[in-house]
Amino acid sequence: MNQTMNPERHASDTQAIVVDEVFPHAPDIIWKALTSGELIGRWLMPPDGFAPVPGNRFTFQTKPAGEWDGTIHCEVLDVVPNERLSYAWKGGHESNADGYGSKLETVVTFTLARTEEGTRLRLVHSGFVLPKNDIAYRNMGEGWKKVVERLDAVVAEEASSQTRH
């Protein structure tokens with residue numbers, strides 16, 4: 001049997017956004033910012049129904065597009081306190097073929113690791129199907145960098161408030 005493979009189409013057609021940052025804080029302070037609904041609302045978006053418990057379903061609300069109402073449906077997949085938090089991130093609508101609001105079925109994973117300087121935060125948002133999710137991949141690639149900067153500011157505030165108490 002002679003099979004031909006199209007090198008343009010294979011598993012690597014899914015892409016991931018990776019942001020790797022070292023924070024000068026202990027993992028538990030960063031963990032608090034990653035797992036407190038009130039704090040998540042300060043650096044990402046206010047979550048509705050978030051709890052750091054595997055199987056917990058929650059939503060974020062963003063700008064609607066076409067038939068998509070702007071709701072991002074999430075489900076907590078993995079929780080290892082002070083080490084790893086992972087959740088499914090699904091949104092968009094089939095009718096938004098390749099533009100903003102295209103159907104998205106991805107996973108966001110935060111991994112924390114102690115370093116001499118503090119804690120390394122590695123954020124991986126995986127599962128972008130290109131070219132369908134190209135706009136989301138580009139926009140969120142830039143967006144997650146800004147989100148991590150805001151997370152850094154929230155963590156710094158939390159750390160300084162802990163030292164004052």
Side-chain angles (χ1 to χ4, degrees), residues 11 14-23 25-96 100-115 118-129 132-133 135-137 139-159 161-162 165:
T14 63
Q15 293 292 318
I17 296 165
V18 178
V19 181
D20 215 349
E21 198 66 51
V22 175
F23 289 73
H25 306 290
D28 62 317
I29 295 172
I30 299 166
W31 183 255
K32 180 181 177 188
L34 292 176
T35 58
S36 156
E38 185 263 323
L39 295 178
I40 293 168
R42 289 173 43 200
W43 59 266
L44 182 55
M45 293 177 269
D48 185 11
F50 176 81
V53 176
N56 180 70
R57 294 174 186 267
F58 65 101
T59 59
F60 291 113
Q61 191 64 45
T62 190
K63 189 177 84 177
E67 291 187 45
W68 178 47
D69 64 2
T71 303
I72 300 164
H73 298 272
C74 301
E75 180 180 347
V76 177
L77 302 173
D78 190 25
V79 178
V80 180
N82 299 321
E83 290 180 25
R84 187 174 54 254
L85 173 66
S86 180
Y87 45 84
W89 177 289
K90 298 178 181 184
H93 192 275
E94 291 296 344
S95 67
N96 299 334
Y100 174 79
S102 65
K103 187 107 175 114
L104 198 61
E105 295 194 16
T106 57
V107 174
V108 176
T109 303
F110 298 92
T111 307
L112 302 176
R114 238 181 222 291
T115 67
T119 303
R120 174 178 299 279
L121 169 75
R122 183 173 169 86
L123 179 156
V124 179
H125 191 163
S126 60
F128 291 90
V129 178
K132 179 176 82 169
N133 299 142
I135 289 175
Y137 178 70
N139 289 348
M140 295 173 93
E142 290 305 307
W144 278 119
K145 291 175 195 166
K146 293 180 181 107
V147 164
V148 169
E149 287 172 15
R150 289 196 302 266
L151 174 61
D152 190 18
V154 168
V155 168
E157 287 171 24
E158 285 300 304
S161 75
Q162 280 189 7
H165 293 279

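Note that these values count all heavy atoms, side chains included, but never hydrogens, waters or copies made by symmetry. In this text, all values refer to a predicted model and were calculated from it rather than measured experimentally.
- Put simply, the side chain of Phe23 does not reach to within 4.5 Å of the side chain of Leu112, judged on heavy atoms.
- The side chain to side chain contact (heavy atoms under 4.5 Å, CB included) with Phe60 is formed by just one residue from the set Thr71, Ile40, Asp48; it is Ile40.
- Between the side chain of Thr106 and the backbone N or O of Trp89 there is at least one donor-acceptor pair closer than 3.5 Å.
- Side-chain contact between Leu104 and Met140 is present, with heavy atoms from C-beta onward closer than 4.5 Å.
- For the pairing with Val155, the side chain to side chain contact (heavy atoms under 4.5 Å, CB included) check across Leu34, Leu121, Ile29, Thr119 returns one residue only, Ile29.
- Closest heavy-atom contact between Gln61 and Met45: O-SD, 3.7 Å.
- Shortest non-hydrogen contact noted between Pro64 and Tyr100 is O-CE2, 4.1 Å.
- The side-chain heavy atoms of Ser86 and Val107, taken from C-beta on, include a pair separated by under 4.5 Å.
- Across every non-hydrogen atom of Asn56 and Ala51, the tightest pair is ND2-N, 3.0 Å.
- Nearest heavy atom pair, residue Glu105 against residue Lys90, reads CA-CG, 4.0 Å.
- Salt bridge present: Lys145 and Glu142 bring a charged side-chain N and a carboxylate O closer than 4.0 Å.
- Ring planes of Phe58 and Tyr87: perpendicular class, angle over 60° (limits at 30 and 60°).
- At a threshold of 4.5 Å between non-hydrogen side-chain atoms, the residues Pro27 and Arg114 count as touching.
- Across Asn133 and Gly127, no two heavy atoms sit closer than the pair OD1-O, 4.3 Å.
- In this structure, CG in Asp69 is found 9.0 Å from NE2 in His93, a value given to the nearest 0.5 Å.
- Ring geometry for Phe110 versus Trp144: interplanar angle over 60°, hence perpendicular rather than tilted (30 to 60°).
- Between Asp28 and Asn82 the shortest side-chain heavy-atom distance falls below 4.5 Å.
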